[in-house]
Every structure is written in C-alpha cells, then in structure tokens.
Asker: 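Take a look at the following structure, please.
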Amino acid sequence: MDGVAVEIGSRPEISRAQKVTESGSTDSTYVLFAKVRKCFARNAQGFTLEVKFAAPPGLTILFGPSGAGKSTLLDCLAGLTMPDAGRVAMGKTILFDSTLGLNMPVSRRRVGYVFQDLALFPHLTAEQNIQYGLIHINRQKCQQRCASILQAFRIDHLRLRRPGEISGGERQRVALARALVTDPHLLLLDEPLAALDARTKSHILDDLRAWNQAHRIPILYVTHSREEVFALGERVIVLESGRIVAEGTPHEVMSAPQQETVAQLAGFENIFDAVVVAAHEERGTMTCRLSGSNVEIETPLVRAAVGSMLRVGIRAGDILLATSQPIGLSARNILPAKLLSLAQRDVLVVGKLDCGVQTEVHLTLAARDSLHLAPGHEVWLVIKTHSCHLMQR
Amino acid sequence: MDWQAFLLTIRLAVLVAAILVLIGLPIAYWITYSRWRWKFLVEAIVALPIVLPPTVLGFYVLVALGPHSPIGRWWEALTGHTLAFTFQGLVIGSLLYSLPFAVQPFAASFAAVDPKLIAASATLGASKLRTFFRVILPLSASGLVTGVALSFAHTMGEFGVVLMVGGNIPGVTRTVSIDIYDQVQASNYASANQTALVLLTISFVVLSAVYALNRRVWTVWPWR
C-alpha cells in the first residue's frame, strides 16, 4: 500500500531548483530588502502586516493560508499600497523609506507584477498587451523585444487575439510575458498559476525558470499550495497573520516544521501533543506518550528532557494499515486501532481511526478494496520512527 | 417651420456637447478617483441641475453673467458687450444645465473599470495620463457615448435656462423650444406640432443610436 503523498513525485524537483540557485550570481544590485509594517482596521480586531526579509535573485516563495497578508505584502512592494512604516529597497535603489519620507511612484519602480486575476487589458490584443509597458524605446526595438518574448513563451500564434479569445494557460503566459518584457528589477507573482492544471503549470514554470536563468532578479511567488512550494522551491517564507513564522529551503521549512501552523500548512494531518517518557541516546530515539492516551510511540531523538512537552506531526500518507498484526517489520510503532470512518476524496480514501487518539490515514482506492475495509474493523497502524516529526509546543 | 431656430439649436447642442467632453472628463476623473473627504459636496453641486428648476438655474446664471457680477464686468471689459442675451451666454448656461448629464455617465463608466487594470498599467511604467488614454478611456467608451448623446439631446430640448439667459432673439438665442412656445402662444398649433414632431424625432434617433452603440453583443441584428 502506498500513501499517495503528492510530494513524492515532486521531490526530484527540489534538487534541480537548488542547482539553479547555486549557479546564480550574488550581485547585490538585485537583492530585495523589505521591512514593512501596515495596519488595517479591516474588521473589529484589525490586521497588522509586519515583516522583514531579504530576497536574493531567484525564486522566493511566499507561502501561507489565505488572509495571511501575502497579497498585501506584494502591494506594498509594488507601491500600490503605502506601508505605515518601513523600508523597501532593491540593491541601492530605495523604493520606500518612511523615515526619509521617500515613496517612489509605482510607475518608476520597475516592478513586474502578475496579478492573481492577471489584469490583462481586455481591449488590447496579446501583442498590444505585451507592448504596453515598452514606452521609451523606438518602434523597431519594441517590435523586436515583443517578438522574442512571444517566442520564449511560445505564444507567437496568439499575437493578434484578445484576452477573451484565448485559453487560461495562454492568458497566464501573456500576463507573464507582459511583465517580463519591461525588464523588471523585481518580479511579483500572486498565485498566477493557481487555476491551471498541473501539466500546463509545470510547462509555464519551466519557461519562467529558463527566463530567470538569463535575468537574475528576485522573484516573489505567492502560493498557498504546498505542491507548488516543493516544485518551485529555492527559498520559502511562511507568512501567517501578517508575520513571518518560518524561513528557509522548502525542505527545511516543510519537512521539519518547527511550528504547528507551518506543519498544518505542510500537510501534517496528524498533530498530537506528547510527553517525552524516555530518551535512548545510544539508539538515537525517544519514547513519547501521546497526551490523553496511553499510546507510546518511538520518535527520532531531539534535544528535549524527559518529561518535557512536545508536539508530534505525522503525515496521513506516511501511516500504513494492516488487517492483522504484522510481524517482521522494521517499523517500530505498531498500534492497534479501530476504523471509525472511510471517505473518498477524489482518488484518495481518507480513513479516521481510533488508536487511543484519533488519527487520519490516507489510502488508495485499491488498498481499501483489497483489504475489504469498512468502519468498525479492527486494524493495525504501522508508523516508522522517522515518520514522526517533532515540533515545539 | 423656423429653420434658423433649428440650426441655432443644433449649433448650440453640438458646441455644448463638445465642450462638456473637454471639461466633463477631468471632472468625472476627479470624482471617481479623488479621496478628498469633502468630495461628496462637489458631487452634489454637479448633480444640482438635475433637480433644480431650470428657471432657478437660469436666474442665477443671468445674475452671474450680468453687468453687476465680476464675470460679467470682466467679459464686458474684454468684448464691449455683456454676456446676457447673447449666444455665448446661452452656451455657458447650457453647459451648467447639461453638466451632470455628461459627468455622471463618464464617472459611472470610469468607476466600472477594474482597478486592477489601472494598477497593472502603473506597474508597467505608464503615467496617469497614459493610463487614462490607453486603458480607462477605451474601456469607458459606452459611458462616453452616453454622456455625449445625453448632453446633446438635453441641450436640444432645454427651455427655462434659455428663456432666462438668452431671451428670444431670432438667430442669436431663439432655439426650437422657444419657437414652439411662441407658436403655441400665437395659437399657431399646426406649426408648433410640426416643430415639436421634428424635435421628438431627433431625440428619439439620438437615444436609439446611444442604446444601439452600447449594446454589448449584436446577437440579433435588428434588420434581419
């Protein structure tokens, strides 16, 4: 039985993306520095965005649930929203500085911005949309640059069509090309690919990566999809309620999350409070008891004293199910459990089980059928030690 | 039928509609995008001619243009005659009278332009002026047509303001509606009927043209 974890397919992507970073230049002219504070009296309690980060050339992913302030942050960087306080700079160019009273107009910032709904000009053709930002160059050069970007994004044949007459994926390409043709010093992408199927998405991302190889500028990519984080990843900044809660490579941030909020975003369906019962330093493991039960599980060793409180995260796709007690397995945690419910979600079966604590397990359709699983059945949960991720509490 | 009055009326309506495009667009732009806290006062002033009796408006315009007001004195010093009871005075009165009929459709269509498009234009390096002419105006074409046609048709049919400001001087301030009034006063019903019918027809044609142009899709062609 396999866990149908979506990330499995994307893992090779990480190493590829990291290679891209290493080959990049470290020219500081194209490093974004941002320190931004912005308050909204949006509803009764209000909302404050307060972040500070630097983004070197290459892809930086802004990840977080909706309402975390990702789009607001992009608007502050582009100059569409004025921060209450802070400083935004691209290398030595100051875009905004509240103490100096500096606020460069949007049109002079050289920030490419692809909006979530793309904002293509509906009355202009694809070509006219792309040429829109080419203002201060002569006509011949303008034609030339437009032609080459049309080719690079493989939308040459759509030149004379209006946005209303082309498909979603083609529109995304036009929007990207329109932003890139102006040679921006910073590119902001607000979930530009959210509405596309995986295949189209990865094609467009390949084109974008190829472009970024030649134009080493920082790209901020907003998403709330964790598949995209792993597929794109060079650096991730996790935003929650207007604050940065984690920062690092996708692997660091998502695979070994330090906070529960990040863990939920990273796809840990099972998060349990736990107490350290014993540490086995020589074996590199610990025994933890899950709160509210007598269930003891073996986890990797972390620096935590016996008796201290921790949190354990286990992906639903990392748990195996067996109908009889398995023997001869290397997995150290084998727990009896009762199947409470089974629900089909697309091609995935989500099982809720009770092994002393309620646990979520993901199965394939085939696994459910071959094991003849049904609610009420007694089963065994099999969890590898290293599938248990420890977090602070 | 008084063709002189007719030509004068059309000349007045065309001139007023053209000038209202020039001054109506900036006013509408300001009303749509300004964040000034007292903006509503300006909106109310622009809308006043809709609710005000034309005689009230006409009265104030007459006073403002007369020899006792600064504007009237300045004009007199410049040209040697007063503005009241002249074609120019009529134009000024009509501009005020038809202003909301131009500004309101303009402003409504500006407000309907997706703000994201304006933001996108700015991030692409376009100035406010370029954004206005390349994005806002083309996407407000229907509002523009509506505003021009309404102010044209509205000026064609005005009566009260003309009577107050312009009086009834043939070839100078005598418009079609004044002419009809005169015919009726003189019990010349046949002639009044004729002129009224022409005015009705023109108004109908203009409004039909507006609605036809503003039709988004010609799904059903009217002549097929």
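Computed from a predicted structure; not experimentally measured. A, B, ... follow the sequence lines: proteins, then strands. Residue 1 opens every chain.
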Asker: Give the C-alpha distance, both sets of side-chain angles, the deciding distance and a yes or no for side chain to side chain contact (heavy atoms under 4.5 Å, CB included) between T123(B) and V111(A).
Answerer: CA-CA 6 Å; T123(B) 62; V111(A) 171; 5.7 Å; no
Asker: If you count every heavy atom of other residues, nucleotides or ligands that lies below 6.0 Å from Y60(B) atom OH, does the total exceed 12?
Answerer: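 No, not enclosed.
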Asker: What part of P122(A) is in contact with chain B, defined as an atom under 4.5 angstrom from a non-hydrogen atom: side chain, backbone, both or neither?
Answerer: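 Interface part for P122(A): side chain.
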Asker: Would you say that F121(A) contacts S121(B) through its side chain, given a criterion of any heavy-atom pair below 4.5 Å between the two side chains?
Answerer: yes
Asker: Evaluate whether atom CZ of F59(B) has more than 12 neighbouring non-hydrogen atoms of other residues, nucleotides or ligands under 6.0 angstrom away.
Answerer: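 Count not over threshold, so no.
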Asker: What residue in I135(A), L80(A), D75(A) has the most heavy-atom pairs under 4.5 Å with chain B?
Answerer: I135(A)
Asker: Can L124(B) and Y113(A) be said to form a side chain to side chain contact (heavy atoms under 4.5 Å, CB included), step by step?
Answerer: CA-CA 8 Å; L124(B) 290 166; Y113(A) 198 154; over 6 Å; no
Asker: Distance from L118(A) atom CG to K116(B) atom NZ, nearest 0.5 Å?
Answerer: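 Result: 11.0 Å between the selected atoms.
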Asker: Atom CG of L120(A) and atom CG of L117(B): how far apart are they, to the nearest 0.5 Å?
Answerer: 8.5 Å
Asker: If every non-hydrogen atom of R134(B) is compared with every non-hydrogen atom of H123(A), which pair is closest and at what distance?
Answerer: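 Looking at all heavy atoms of both residues, the closest pair is O-NE2, 2.7 Å.
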Asker: Measure the spacing between CG of D114(B) and CG of D117(A) and express it to the nearest 0.5 Å.
Answerer: 6.0 Å
Asker: In chain order, what residues pass the ring-ring contact (aromatic ring centres under 6.0 Å, His included) check against H154(B), with sequence neighbours excluded?
Answerer: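 Scan of H154(B) (ring-ring contact (aromatic ring centres under 6.0 Å, His included), adjacent residues dropped) gives Y97(B), F101(B).
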Asker: Quick one: OG on S107(A) to CZ on R130(B), what's the gap to the nearest 0.5 Å?
Answerer: 11.0 Å
Asker: Any chance you could measure S127(B), atom OG, to R108(A), atom CZ, to the nearest 0.5 Å?
Answerer: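 That separation rounds to 12.5 Å.
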Asker: Heavy-atom distance under 4.5 Å to chain B: side chain of F115(A), backbone, both or neither?
Answerer: side chain
Asker: Within a reach of under 6.0 Å around OH of Y181(B), are more than 12 heavy atoms found that belong to other residues, nucleotides or ligands?
Answerer: no
Asker: Would you say that more than 12 heavy atoms from the other residues, nucleotides or ligands in this model lie under 6.0 Å from the NZ of K39(B), or not?
Answerer: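 It does: K39(B) NZ has more than 12 such atoms within range.
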Asker: Using a 4.5 Å heavy-atom cutoff, which residues in residues 168-184 of chain A come close to chain B?
Answerer: R178(A), A179(A), T182(A)
Asker: By a 4.5 Å heavy-atom criterion (distance strictly below it), what part of L139(B) contacts chain A: side chain, backbone, both, or neither?
Answerer: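 Side chain of L139(B) only, per the 4.5 Å heavy-atom cut-off to chain A.
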